[in-house]
Amino acid sequence: MTESRYDTGMKVRKEVLGSEHVERALARTSEFDADFQRFITETAWGSIWARPDLDRRTRSLVTIAILAALGREELALHLRASRNTGVDPHEIAEVLLHVAVYAGIPAANSAFSLAKKEFDQLSPASEEGDSTKASQEDA
């Protein structure tokens, strides 16, 4: 029997974002957004992130670039998740330089600022504080 798109998506979502984060997001799910949570699990994680032609590291860098260019708040979540996909902070800096040229310096400036903050928080001394964060990080 083949795995459902939802099951595949949940597996990939937990591997990329971390099981703890996904469990917190699911615990906050209500009747109002349950269909949306299922949709992003099946579509973003079970269809796109599960495709074989780009590895997760590459998908992570592409996602960071897009979120930085669009100024989306989910950028912080994907910056933190990048450590689960094998992305080095130096590679993120290179991606953000690319964002500066193609999406504008203000977008890259904002993303660099957020990345510095996130990477400072991800240092070993501050990792225990990471689990207390909860904003709109449900994707």
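Please read these numbers as outputs of a predicted model, since none were measured by experiment. Counting begins at 1 with the first residue of the sequence.
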Quiz prompt | Separation of D33 CG from F39 CZ (nearest 0.5 Å) | solution = 13.5 Å

Quiz prompt | Backbone of P106 reached by a side-chain donor or acceptor of S110 within 3.5 Å | solution = no

Quiz prompt | Derivation of the side-chain contact (heavy atoms from CB on, under 4.5 Å) call for L17 and W45 | solution = CA-CA 10 Å; L17 300 178; W45 299 105; 3.6 Å; yes

Exercise. Decide, yes or no, whether a salt bridge links E118 with R80 under the criterion of side-chain N to carboxylate O below 4.0 Å.
Key: yes

Exercise. Determine, using the 4.5 Å side-chain heavy-atom cutoff (strictly less than), whether F119 and L97 are members of one ILVMFWY cluster.
Key: yes

Quiz prompt | Candidate list L67, I92, V87, test side-chain contact (heavy atoms from CB on, under 4.5 Å), partner L79, passing option | solution = I92

Side-chain donor/acceptor pairs under 3.5 Å, residues 57-64, sequence neighbours excluded:
unit_1	atom_1	unit_2	atom_2	d
R57	NE	E91	OE2	3.4
R57	NH2	E91	OE2	2.1
T58	OG1	D55	OD1	2.6
R59	NE	I48	O	3.4
R59	NE	L54	O	3.4
R59	NH1	I48	O	3.4
R59	NH2	R51	O	3.3
S60	OG	T85	OG1	3.2
T63	OG1	R59	O	2.7

Quiz item: Is it true that a side-chain atom of S47 and a backbone atom of R5 form a donor plus acceptor pair closer than 3.5 Å?
Solution: no

Self-check item: side-chain contact (heavy atoms from CB on, under 4.5 Å) assessment of R56 paired with E15
Solution: CA-CA 10 Å; R56 291 198 186 143; E15 289 171 1; 2.3 Å; yes

Practice problem: Provide the closest heavy-atom pair for L96 versus A115 in the form atom of the first, atom of the second, distance. | Solution: CD1-CB, 4.3 Å

Quiz item: At what distance, to the nearest 0.5 angstrom, does CD of Q121 lie from NZ of K116?
Solution: 13.5 Å

Exercise. Measure across A107 and V99 and return the closest heavy-atom pair with its distance rounded to 0.1 Å.
Key: CB-CG1, 4.4 Å

Quiz item: Does a salt bridge link E3 with K11, judged by any charged N lying under 4.0 Å from a carboxylate O?
Solution: no

Quiz item: Do V95 and L114 sit in the same hydrophobic cluster, where Ile, Leu, Val, Met, Phe, Trp and Tyr count as joined when their side-chain heavy atoms come under 4.5 Å apart?
Solution: yes

Self-check item: Pairwise side-chain contact, R38 with Y6, heavy-atom cut-off 4.5 Å (strictly under)
Solution: yes

Quiz item: Got I40 and R13 here, is their nearest side-chain heavy-atom distance under 4.5 Å?
Solution: yes

Quiz item: Has L70 got more than 12 heavy atoms of other residues, nucleotides or ligands less than 6.0 Å from its CG?
Solution: yes

Quiz prompt | side-chain contact (heavy atoms from CB on, under 4.5 Å) between H21 and K14, worked out | solution = CA-CA 8 Å; H21 168 80; K14 287 180 177 181; over 6 Å; no

Quiz item: How far apart are the C-alpha atoms of E20 and R24, what are their side-chain angles, what is the distance that settles it, and do they pass the salt bridge (charged side-chain N to carboxylate O under 4.0 Å, His left out) test?
Solution: CA-CA 6 Å; E20 300 80 16; R24 284 191 311 270; over 6 Å; no

